[in-house]
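Every chain is numbered from 1 and lettered A, B, ... according to where its sequence line falls, protein lines coming before strand lines. What you see is a predicted model; the values in this text were computed from it and never measured. Heavy atoms only: backbone and side chains are in, while hydrogens, waters and symmetry mates are out.
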Amino acid sequence: MLQVANIRANKEAYIEALKKRNFDAAGIFSEVLELDETRRSTQAELDDTLAESNRISKEIGLMFKNGEHQKANLLKEKTAGLKDKSKTLSEKLNETSEALTKHLYNIPNIPNDLVPAGVTEDDNVEVFKEGEIPVLAEGSLPHWELAKKYDIIDFELGNKITGAGFPVYKGKGARLQRALISYFLDKNTAAGYTEYQMPLLVNEASGYGTGQLPDKEGQMYHVTEDNLYLIPTAEVPVTNMFRDEMLSEDVLPVACTGYTPCFRREAGSYGAHVRGLNRLHQFDKVELVRIEKPENSYAALDGMVEQVKDILRDLKLPYRILRLCGGDLGFTSALTYDFEVFSTAQDRWLEISSVSNFETFQANRLKLRYKSADGNKQLAHTLNGSALALPRVLAGILENYQTPAGIKIPEVLVPYTGFDMID
RNA sequence: GGAGAAAUGGCAGAGUGGUCGAAUGCGGCAGUCUUGAAAACUGUUGAGGGUCACACCUCCGGGGGUUCGAAUCCCUCUUUCUCCGCCA
């Protein structure tokens, strides 16, 4: 959520920047500023009314103390009008504030200067590429065939127990996934991130805090009996730890990492590209979350990108980094880098990580601020990124490491798996 | 799940209808003293909105109500604690 004061101060520059998202902000900005104007004048009027009735109440109190009951009762009658007035005004204030917030919820974050203009994912800009795409032997298979051949992931069994998109990992498949999670967490904690285990269900307030609610309600599983939501990413519980917090400057930067399963309804997204592990309703992910001072947040973003690079180098997977264009950029993000690993057998790139700087966009909604030594209070910057999302990394490993003799295990994982080949 | 108690500033803890945004203690900050530190003493110290700055408004777990006036009374929700039941 943008800050109204910033919209007022940078209206033209913001309108220009939002064009990169193909978002025409001129109209909604005018409405926002007008509503804010109304809100403030209504507030002022209400304050005056309340001040008046506070003053009278005190007077009445004094009169009763002095035994001037008649005088007091006379004055009481005067307050009736003030009461009505303040009731009307506070209703108007609520309506205006609600309308204002609703408008603000509909305005996406201002893209960073680095964000290229563009409409679809085809306009994303490749900024880095590394790793060799292996030449596979004749008869190499996509991961869902490999999963069946070596009996390590059972999609049908998941269908039976729950439904499509809930695979069952088995034997060395299960072990490999657990190895990856441990390895990612070790790697992240070694880089200074503190490990967390978070609740997998969150309340409504948390959903609003990170912006899943109210708009993307349909993407989360909703436990209606208790009004809780299954998390679509660890970002939700982790970031919400800091909701309504005033951090002291010296705890920054905050760096968290956590493994959680993620649950996504993915309503309506079915088709050729969702086979196997490509898109699931439940999957595992290790997430990074950082809270930074504004002046450090872009250096921190680069640091997170390096962290993910480091992991992919360790795993010796061919990958590329894309800078998302305005059209593909997430609603809340100012700048996002997507990591894609090459799926050899499918001959396509698979997104495995998304690293973003939200600047103050999330912090404003969360009321996440910090106090500097001089007592100055301001919104912090929040960032997050996947390090990494499991299923597609698994798919990449299965496909890229396949040999006629079986699937080799990346060297760094062997201490975690205890075996070096799936055969 | 049942029965009871509670929720107040960074923390502890008073306050049961009228100068209470809130005593007191601890902590924090500033000063006195000291070569320096500690101790002691003195002062200061919640948040949000608003204003050039004041004024002023809001906030005592959340929401609603009674009243001229609510931290204080009523309703409701949430959370915590104690006892009972159940349980990995």
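Regarding contacts with the backbone of G69(B), a side-chain N or O of K83(A) is found under 4.0 angstrom from either OP1 or OP2. Considering only side-chain N and O atoms, N73(A) lies nowhere under 4.0 angstrom from the phosphate OP1 or OP2 of C68(B). Note on K76(A): every side-chain N or O is 4.0 Å or more away from OP1 and OP2 of G69(B). One finds no side-chain N or O of R55(A) lying less than 4.0 angstrom from the OP1 or OP2 phosphate oxygen of C68(B). The shortest distance between the side-chain N/O atoms of K371(A) and the OP1/OP2 oxygens of G10(B) is not below 4.0 Å.
Rounded to whole Å, the separation between the P atoms of U79(B) and U67(B) comes to 32 Å. When the P atom is used for both A47(B) and C41(B), the distance is 27 Å, rounded to whole Å. Between G2(B) and C86(B), the distance separating the two P atoms is 15 Å to the nearest Å. Taking atom C1' in both G15(B) and G1(B), the straight-line distance is 36 Å, to the nearest Å. For the C1' atoms, the distance from U72(B) to C26(B) is 26 Å, rounded to whole Å. Here the separation of U24(B) from G31(B), taken at their C1' atoms, is 23 Å to the nearest Å. Using C1' as the reference atom, G9(B) and U44(B) are 15 Å apart when rounded to the nearest Å. Between the C1' atoms of G10(B) and U45(B), the separation comes to 11 Å (whole Å).
Checked for salt-bridge contact, E245(A) and K367(A) miss the test: no charged N lies under 4.0 Å from a carboxylate O. Salt-bridge check for D36(A) with R39(A): passed, with a basic side-chain N closer than 4.0 Å to an acidic carboxylate O.
At the heavy-atom level, I60(A) lies under 4.0 Å from base atoms of the strands shown. Residue T79(A) is classed as a sugar-phosphate contact, given heavy-atom separations below 4.0 Å to backbone atoms only. When heavy atoms are screened at a 4.0 angstrom cut-off, N54(A) is found touching the sugar-phosphate backbone but no base atom.
Nucleotide G17(B) is matched to nothing when pairs are restricted to Watson-Crick or G-U wobble geometry with both distances under 3.5 angstrom. In this entry C73(B) has G65(B) as its Watson-Crick or G-U wobble partner, both defining distances falling under 3.5 Å. Across all strands shown, C26(B) is found opposite G10(B) as a Watson-Crick or G-U wobble partner, with both distances under 3.5 Å. Using the Watson-Crick or G-U wobble rule with both distances under 3.5 Å, U32(B) pairs with A40(B). In this structure G50(B) sits in no base pair that meets the Watson-Crick or G-U test at under 3.5 Å. Nucleotide C83(B) forms a Watson-Crick or G-U wobble pair with G2(B), both donor-acceptor distances falling under 3.5 Å.
In the displayed structure, Q197(A) atom CD is contacted under 6.0 Å by at most 12 heavy atoms of other residues, nucleotides or ligands. Within a 6.0 Å radius of CD in E34(A), other residues, nucleotides and ligands contribute 12 heavy atoms or fewer.
Rounded to an integer number of Å, the gap from CD of E249(A) to P of G28(B) is 19 Å. Across the protein-nucleic acid pair, L93(A) atom CG and G48(B) atom P stand 19 Å apart, rounded to whole Å. The distance from atom CD of E52(A) to atom P of G69(B) is 14 Å, rounded to the nearest whole Å. At whole-Å resolution of the value, CE in M246(A) and P in A47(B) are 7 Å apart. For the pair L62(A) CG and C68(B) C1', the computed distance is 13 Å after rounding to whole Å. We find that CG of N364(A) is positioned 11 Å from P of G49(B), with the value rounded to whole Å. We find that CG of D84(A) is positioned 12 Å from P of C68(B), with the value rounded to whole Å. Rounding to whole angstrom units, CG of residue L46(A) and P of C56(B) are separated by 16 Å.
Side-chain proximity of S57(A) to C57(B), G48(B), G69(B): nearest is G69(B). Of the candidates C57(B), A47(B), G18(B), C57(B) carries the atom nearest the D47(A) side chain, counting heavy atoms from C-beta on.
Atom SG of C262(A) sits about 9.0 Å away from atom CG of L200(A), to the nearest 0.5 Å.
Using cut-offs of 30° and 60° for the angle between ring planes, the F361(A) and F331(A) rings count as perpendicular. Ring geometry for F64(A) versus H69(A): interplanar angle over 60°, hence perpendicular rather than tilted (30 to 60°).
For the residue pair Y298(A) and E359(A), a side-chain donor N or O sits within less than 3.5 Å of a side-chain acceptor on the partner. Judged by distance alone, the side chains of D314(A) and Y183(A) do bring a donor and an acceptor atom under 3.5 Å apart.
Toward the 5' end of RNA chain B, the nearer of the two residues K58(A) and Q43(A), judged by each one's closest nucleotide, is K58(A). Each of R369(A) and D48(A) lies near RNA chain B, and the nucleotide nearest R369(A) is the one positioned closer to the 5' end.
The ring pair (Phe, Tyr, Trp, His ring centres under 6.0 Å) search around F166(A) returns H281(A), not counting sequence neighbours.
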Between N or O atoms, less than 3.5 Å apart, protein on one side and nucleotides 59-65 of chain B on the other: list the pairs.
none

